[in-house]
Each structure stands twice: as C-alpha cells, then as structure tokens.
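Order of appearance sets the numbers: ligands from 1, and atoms from 1 within every ligand. Note that the structure is a prediction, hence the values are computed from the model and not measured.
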Amino acid sequence: MENATGAARDVRYRTCPLCEAMCGLELEIEGDRVVRLRPDDADVWSKGYVCPKGATIPQLHADPDRLRVPLIRDGASWREATWDEAFARCAELLGGVLERHGKSAVSAYIGNPTAHNFSLARYVGLFMGLSQLPVIYSAGTVDQWPKNVSCMLMYGHMWWIPTPDVQRTQYWMILGGNPQASQGSLLACPDLLGEIDRIRARGGKTVVVDPRRTGTADRADEWVPIVPGTDAAFLLAICNVLFAENLVRLGDLVDLVSGVDEIRTAAAAFTPERVAETCRIPADTIRRLAREIAAAPSAAVYGRIGLCNQEFGTLASALIDVVNVLTGNFDRPGGLMFGNPIAWSVNSLPNPEFASGLEFGRWKTRVRGAAEVLGQAPLSCMAEEIATPGEGRIRALITIAGNPVISAPDAARLDAALPQLECMISIDNYLNETTRHAHVILPGLSPLEQPHFDDLIAMWAVRSAGNYSPPVFPPAPGRPAEWEILLKLGALAGGMTLEQIDVAAIDDGYLAALAMAQGIDAAKILPLYEGRGPERLLDLQIRSGPFGDRYGERASGLTLQSFVDAPHGIDMGPLVPRLRDILSTPSGKLELAPPYILADVPRLRARLDRKVAGLLLVSRRHLRSNNSWMHNLEPLVRGRDRCTLLVHPEDARAKALADGALARVTSEAGSVVVPVRISDEMMPGVVSLPHGWGHDKEGTRLGVARQYAGVNSNILSPGRLVDPLSNNAVVNGIEVEVAPAG
Ligand SMILES: Nc1nc2c(c(=O)[nH]1)N[C@H]1C(S)=C(S)[C@@H](COP(=O)(O)OP(=O)(O)OC[C@H]3O[C@@H](n4cnc5c(=O)[nH]c(N)nc54)[C@H](O)[C@@H]3O)O[C@H]1N2
Ligand SMILES: Nc1nc2c(c(=O)[nH]1)N[C@H]1C(S)=C(S)[C@@H](COP(=O)(O)OP(=O)(O)OC[C@H]3O[C@@H](n4cnc5c(=O)[nH]c(N)nc54)[C@H](O)[C@@H]3O)O[C@H]1N2
Ligand code: SF4
Ligand SMILES: [Mo]
C-alpha cells in the first residue's frame, strides 16, 4: 500500500498487552509511525473487540515522556547515560551495599506490568534465582495473594486459579469485580459485558454483589449491595442454605473432595438471618440467591479484587470456590474451570520451594514480625523495613515495573522512606512518583518494540487460544530487552561483577533447566536456536505444551512457527475438565476446608457483632485507566474529573457535602481533599475513590498526568491492616470520616 507521499504502508497485527482481555489489534504503519489502529476483526480470540485503552498504544509508544535511555541521578538532577554507564553505576551502587551491609540489605519490588510483559514475565523468576534475595515484595499482596493462598491449600498449586466459564454458564455471580472497567481479572475473556448479554439471551442470569452499582451491575440482571468486607459471611450463609435445604450436589467430584462436613459445621452459625444485618442483605435475598445458584443448569460464582483486598480476603476467596464445588459447578463446562494454556507459564511449574511440604511463617519480618506467606511479607512492611535502623535494614531496592508510592498502603510513609536508600534501581519506562527516588532508571522497550504472547494470563483464559505478535518497530540499536536487564541486575544483586556475567551462558542454562523440567533433553534443543531470550523460551513453552509438537514427536503439533504463520492467532477450543491433572495436595483430594483457612471463622464471627462507626471507603477502577501509569496519555484523562469521591445522597446530606465541592477524607493513616460526586450508585454508608492517582509530586516527568493529578487514595490505607492469612493489604472497607473542605 502507498499513501499520497509515496511512503509505504504496512499492516501489522498484534495483541494488546495492557490487560487480561488480550485483544487483537490491527495497526497500519508508515515508516516509524502508526497511522491507524483498529480492532482486528479476524482475531480468533477477541473477534474485533477493543477498549479505549488499547487504542492508545500508538500514543504510549510516541509519548515524549516515555523513557528511552537510562537515567542516572546526579544530585538533584538526572543525566542521560549509555547502557554501559548505567550498568556500571548499578554495579557500583549494589556492590557497595552488598559489601557494607550484606545480602539482607538488598530487596526488590515486583509490580503489575511484569505479568503482561513478554520479557519480564518469563525472566522475573531467573532474577529471583540469580539474586537469591532473602525478601522480595510485590504487588501480589495488594492484589491476588488471598487467592494464591486458597488455591495452594485447596488444589496444591498457587497459580492454578479456577475461572468462571462465562461463555457457557447459565448463571454468573460476580462479587467484588467490575469487568466493565477492568475488562476481567483472573478471568481472561474479551468483551465481558457482551458475555452478560449473551448469558441473558440464552435464558441465564447475571448477579453483581458489590457496594457500588457499577457499570457491570447496570448491565447485569440484579445488583445486590453488600457492606465491604462481609462477603465471607454472605458466602457462608449461602453454604448454610445449601446444607439446610439439601441442595449440596458434588456430582462427579464426590470421590475427589474432602472437607464437606467441616464446611457444614463452619456454616452452621451463619444463617441468613444472622448475617443479614452485617452484610445488609435481607435473609430472603440470601436464601433466594442460594437456591438460584443450586437450581441453575450451570453456575459460576466469581470473586475478584474487592474480595481480596479486604479484611477477610483469604476466607472469602476460598468460599467462592467452595460454593461452586458444593453446587456441582466446579471443573465442568459453565462452572469454574481451570485454564489450559497452549504455552505453559513458568508460574505453572511446581514450586521447588514447597517440594518437601508446605509451611507458612518460615521467616518473620524484622520490624513488625509479620510471618511470611508463600514467600511474601505484606507490601506495607517495605516502608518500615527501609526506615527502621538496625541489622537487616533495607539499603538497596530494585523496583521492577512498579509504582508502590501510589499503589502501596500507607503511601505517604513509603514516599518518605525511599530517599533513605543508599541504592535504588528502577526498571521502568517513566520518571514517576516512585522512580523519582531512584539512583538509576533503566527503561524497557515500548509494547510496539517487542514480541508478545501471553502465558501467565492464559492460565485463567476461557479458551485455549494464543497469539504471537512480532515487534512492530525495531528497538534503537544497542537497547537491551528487559530480560537482559533483569538477568544482569539479578546477577549483580547475587554478588557477581559485571565482568563475571556471561549473559549467553546464563540464558542457555535457564532454557536448559526449563527444558529439563519438561523432560526434554536440553542438549538436543539448544542447537536449534540462533538468538537468545524469551522467544526461544516461548517456542519451548508451545512445543512442550498440551498442543505442542514435542520437537517432532507429534507431527501435527504446534510450534512458535505455527503462530508466526497465523497472525490472527490459533484457537484450540473451549476449556476441558482438568482437576485430576492439577490436584497436587498432599492428600490428593480437593481440600474444601483447609484448617489454616477455617481457623479464621471465629474472627469472622466476631465481625458479625462489630458496629461500624464511620463511612467505609472502597476503591474503584475506570475503563480509561491502568492502575497508576497511563494517566500521561491525554486521550485517557481528558474530560470530566474522574478522581472523585462517590457518596450516596443520604450520606451527602448527613455530612453536608455538596456535589462538585471539596471534601476532606480522613482515616487513621492520613487525609486527602477531593471533589465529591453525589450518586445513588453507592450504597449508603460506603464511599468510593479510584486508586492510581496523586500525580502532583515534584520531580516527576509526567507532563500530562501532572495536569490531572488527583489524589492518592492509598494515603488513607493503614499499612497495619492486612488479611492475616495471606498478608494481603486491606484497602477496601477502611473506616473514614468525611467533611466539607473549605
Ligand atoms: N487503594 C488501592 N490500592 C491498590 C489497588 C486498589 O484496588 N486500591 N489495586 C492494587 C493492585 S490490584 C495492583 S496490581 C497494584 C499495582 O501496583 P504497581 O504494580 O506498583 O503499580 P502500577 O500502577 O501498575 O505501576 C506500574 C509501573 O510499571 C511501569 N511500567 C509500565 N509498563 C512497563 C513495562 O513494560 N516495563 C517496565 N519495566 N515498566 C513498565 C509504569 O511506569 C509504573 O511505574 O496496585 C494495588 N493498589
Ligand atoms: N481499566 C482498567 N483495567 C484494569 C485495571 C485498571 O486500573 N484500569 N487494573 C487491572 C488490575 S491490576 C486488576 S487487579 C484488575 C481488577 O479487576 P476488578 O476486580 O474487576 O477491579 P475493580 O474494577 O476495581 O472492581 C472491584 C469492585 O469491588 C468492589 N468492592 C470493593 N470492596 C468490596 C467488598 O468488600 N466486597 C465486594 N463484594 N465488593 C467490593 C468495588 O466497588 C468495585 O466495584 O483490573 C485490571 N484491569
Ligand atoms: S480490553 Fe483494552 S486494554 Fe484490555 S487488552 Fe483489550 S484493548 Fe487492551
Ligand atoms: Mo492488580
């Protein structure tokens, strides 16, 4: 194709890496520019669906504030550096801390985009292996750690997280998730609002249980408001009804499930009448919903971030699965099912750490004494571990695609702690609220400069589909991909010198180890590959996966080349029952009632008697956001102010709050001033703020975001509040005072 000026136009297809929906995009490029972006109607998975966020990938690529060269701090200013200079500075800083304070003074923080990034997702494990850092923090403990814990204890694997089979279900109950904004989470399926319509069209029903009447609730058949943090009580009451009315049906799983009686006993005290006031859901409604789930030809009860980032995160996350199991809606079409990825993810491999048994609390944090859970301490410990003097104090921090100054609880405290580090290195594409504290920033490539193929997310995708995207534009000469940056930093943190790091040898060793784990002889496959890095790893993942050619053993099996030849992706069909492959608990059974989780029931019972004094704050997301980091793209932020406090009209009246006027919101952790929006989409007694804002910090390079700064809701999140079973932060259901602000 040619345009008027004669420049060649070219059409490329690629998967949007920004969220779990994995939409196929069609890009028209001219030279080094994207001149048009459209949904790829022929994409086998997304079939022409995209959202406004994916449509801004060209702007993200072109954003002048996006970093393209390393930055080295020079006192109060920054200088652009070559990659050699930047790595030398990292070696100097890290080496210094290791020498002065030892390994226990070095830590890392792993942020959310790691899961969506071709290089980072496949190499973050190698970083951990090479560095052997004693404690690593992650966004996991402000996200899905409760679900990791419940899956580990119930199925024996923390990353096999069952997902609702929405394309075939007749009844979908959503608790604490808003796919209208998020596009699905621990649930990969494009166009979820469309799925709600399709469920209705085939005679089914969707129910949303949420303190806010979200865009998803508006599209669904029923909205059930619930008091934040009380879902576990609601779910136990559902169980109570199932037992009381003899509606429990284990179906094909009857021989595989253990713990039914324990659940019956635990649920006995949680009658609908007993929990009704606490949850503020009428007993009749709870009873009816339980009967509906049991009577539906198929049903999928699903919980997400609202159920994890709360006081009873693990108990609620486990009970979601329990209700599905008890009603025969587990591991069968239309219920909760396990994904079946074409390319296995490193996360799906058995964790060698737990080879000799599972134990929590193997170590405790230095300052607070929080016991480790699945290798993680609460993210809110990071600030105190940096700021508190003594042996083992964190002196060096490596942040990987994370912005904890915005996303972590007690945000102001972390912001104040980071400048005390002797060494902070950030692998990040922006000079933002967190990385402004770094000594060195190492930028990754733009989404258009690197390949893509999701593997982790495919573990909870509703079909076995995959799509490979080659880079659209070549990266500038000499720019390393993030896998190489991770490898070098991991080795440096592990005590090697730059001269000792042999990238090729380490990468070959990594591939060989992963091949061996699949029973494949590394010596046989290494010579097949010319380049290094994640692409050959992807070929291994596909070829040794469930549909792969096993390097020639299965003639019609898939290889990476199959995907290169299929630019719209390959779909191997809907999910199939997999529980028997996945179950790896010590008992060999699906553990419905792990004692570790059930031990939390008395705490929940005590919650039934607790009166709430103030208003309860919950978080929300918006379709045009991506946690904290896409507010620098004008098309996503312009228009009506989105960082507002949603307040129900009754509460607004009681607190003398006016629509559009400023209010001061105060919790035990801090206070912010934010415009009020009065709306009956909130249930009375609950207010909502979006997370991911607060871009008014000095010293960032975010020209657009700064103009739409908003406030950081995590200034209000008390770092001491965690779900004790998982170490996950409680950022939903925080007691706040709200008053008019001058
Ligand atoms: N109050 C409240 N707090 C929350 C939540 C909530 O609901 N309410 N949600 C929590 C959840 S679920 C999450 S996941 C966390 C998110 O917490 P984080 O992961 O800490 O935060 P993000 O905002 O996702 O920041 C991502 C960072 O990665 C950078 N980045 C983006 N793309 C790339 C890339 O390709 N490579 C590299 N190297 N860097 C990149 C961005 O510039 C940014 O600095 O926030 C949590 N915090
Ligand atoms: N556009 C966009 N998409 C995103 C993101 C983004 O920032 N923007 N972030 C991505 C990330 S990292 C994640 S983890 C996912 C999250 O995906 P979702 O879980 O769908 O996240 P939210 O849209 O925040 O929806 C959470 C809902 O939980 C409700 N809630 C809060 N507390 C409670 C409670 O105690 N009980 C119940 N029942 N409900 C409660 C809130 O009112 C809100 O409606 O989204 C991902 N997708
Ligand atoms: S829903 Fe939007 S952000 Fe998510 S993959 Fe699709 S286009 Fe990208
Ligand atoms: Mo998340």
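In this structure, Phe453 has its ring center closer than 6.0 angstrom to the ring center of Phe563. Remark: aromatic rings of His568 and Tyr13 are close, center separation under 6.0 Å.
The nearest heavy-atom contact from the protein to atom 2 (C) of ligand 2 is Ser625 O, 3.1 Å. At the shortest separation from atom 36 (N) of ligand 2 among protein heavy atoms lies Asp231 OD1, 2.8 Å. The nearest protein atom to atom 34 (C) of ligand 2, hydrogens excluded, is given as Gly306 O, 3.3 Å; this is a heavy-atom distance. For atom 23 (O) of ligand 2, the closest non-hydrogen atom of the protein is Asn178 CB, 3.4 Å. Scanning the protein heavy atoms around atom 24 (O) of ligand 2, the nearest turns out to be Arg621 NH1, 2.9 Å.
Using a 4.0 Å cut-off between charged side-chain N and carboxylate O, Arg213 and Asp680 make a salt bridge. Remark: Lys47 does not engage Asp571 in a salt bridge, criterion side-chain N to carboxylate O under 4.0 Å. Of the charged side-chain nitrogens involved, none lies within less than 4.0 Å of a carboxylate oxygen, so that Glu292 and Arg287 do not count as a salt-bridged pair. Using a cut-off of 4.0 Å between Lys/Arg side-chain N and Asp/Glu carboxylate O, Arg66 and Asp428 are scored as not salt-bridged.
Close approach of ligand 2 to Lys53 is summarised as follows: ligand atoms under 4.0 Å from at least one heavy atom of the residue are 1 (N), 2 (C), 3 (N). Close approach of ligand 3 to Gly54 is summarised as follows: ligand atoms under 4.0 Å from at least one heavy atom of the residue are 2 (Fe), 3 (S), 7 (S), 8 (Fe). Listed by atom number, the atoms of ligand 3 under 4.0 Å from Cys51 heavy atoms are 1 (S), 2 (Fe), 3 (S), 7 (S). Each of the atoms 38 (N) of ligand 2 lies under 4.0 Å from some heavy atom of Ile226. Of all atoms in ligand 3, listed by their number and element, those nearer than 4.0 Å to a heavy atom of Cys23 are 1 (S), 5 (S), 6 (Fe), 7 (S). Proximity to Asn732 (heavy-atom distance under 4.0 Å) selects the following atoms of ligand 2: 31 (C), 32 (N). Every atom of ligand 2 is numbered from 1 in the order shown, and the set under 4.0 Å from a heavy atom of Ser185 is 13 (C), 14 (S), 15 (C), 16 (C), 17 (O). Interface of Thr214 with ligand 2, defined as ligand atoms under 4.0 Å from a residue heavy atom, comprises 44 (O). For ligand 2, the atoms closer than 4.0 angstrom to any heavy atom of Pro228 are 34 (C), 35 (O). Counting the atoms of ligand 2 from 1 in the order shown, those under 4.0 Å from a heavy atom of Ala181 are 1 (N), 2 (C), 3 (N). Close contacts between ligand 3 and Leu18 involve ligand atoms 3 (S) [criterion: under 4.0 Å to a heavy atom]. Listed by number with element, the atoms of ligand 3 under 4.0 angstrom from any heavy atom of Gln183 are 1 (S). For ligand 2, the atoms sitting less than 4.0 Å from at least one non-hydrogen atom of Val209 are 38 (N), numbered in the order shown with element in parentheses.
The shortest N/O to N/O separation between Leu623 and ligand 2 falls below 3.5 Å. At a 3.5 angstrom cut-off on N or O pairs, Gln183 does not count as close to ligand 2. By the 3.5 Å distance cut-off applied to N or O atoms, Arg620 is not counted among the residues near ligand 2. Remark: ligand 2 and Asp210 share an N or O pair separated by less than 3.5 Å (distance only, no angle test). Polar contact check, Gly229 against ligand 2: a nitrogen or oxygen pair lies under 3.5 Å apart. Between Thr230 and ligand 2, a contact under 3.5 Å exists for no N or O pair. Any N or O atom pair closer than 3.5 Å counts here, and Ile305 shares at least one such pair with ligand 2. Considering backbone and side-chain atoms alike, Arg304 places every N or O at 3.5 Å or more from each N or O of ligand 2. Polar contact with ligand 2: absent for Arg624 (N/O pair, distance under 3.5 Å). At a 3.5 angstrom cut-off on N or O pairs, Pro211 does not count as close to ligand 2.
No more than 12 heavy atoms of other residues, nucleotides or ligands shown are found within 6.0 angstrom of CD on Glu737.
Only the backbone of His622 comes within contact range of ligand 2, with a heavy atom under 4.0 Å; no side-chain atom does. By the criterion of a heavy-atom distance under 4.0 Å, the side chain of Asp143, and not its backbone, is placed next to ligand 2. Using a 4.0 Å cut-off between heavy atoms, Asn627 contacts ligand 2 through both its backbone and its side chain. With a 4.0 Å cut-off on non-hydrogen atoms, Asn309 does not touch ligand 2 at all. Residue contacts with ligand 2 for Ser619 involve N, CA, C or O but no side-chain atom from C-beta outward (heavy atoms, distance under 4.0 Å).
For the pair Gly692 and ligand 2, no heavy-atom separation below 4.0 Å is found. Ligand 2 is never approached by Gly733 to a heavy-atom distance shorter than 4.0 Å.
Relative to atom 18 (P) of ligand 2, the option among Ser628, Ser182, Gly313 with the closest non-hydrogen atom is Ser182.
Between Ser119 and Gln450, the closest heavy-atom pair is N-OE1, 4.3 Å.
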Audit row: Arg274, Asp609, salt bridge (charged side-chain N to carboxylate O under 4.0 Å, His left out) steps and yes/no: CA-CA 10 Å; Arg274 179 73 179 93; Asp609 300 319; 2.9 Å; yes
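Metal site remark for atom 8 (Fe) of ligand 3: Cys16 contributes an N, O or S atom at a distance under 2.8 Å.
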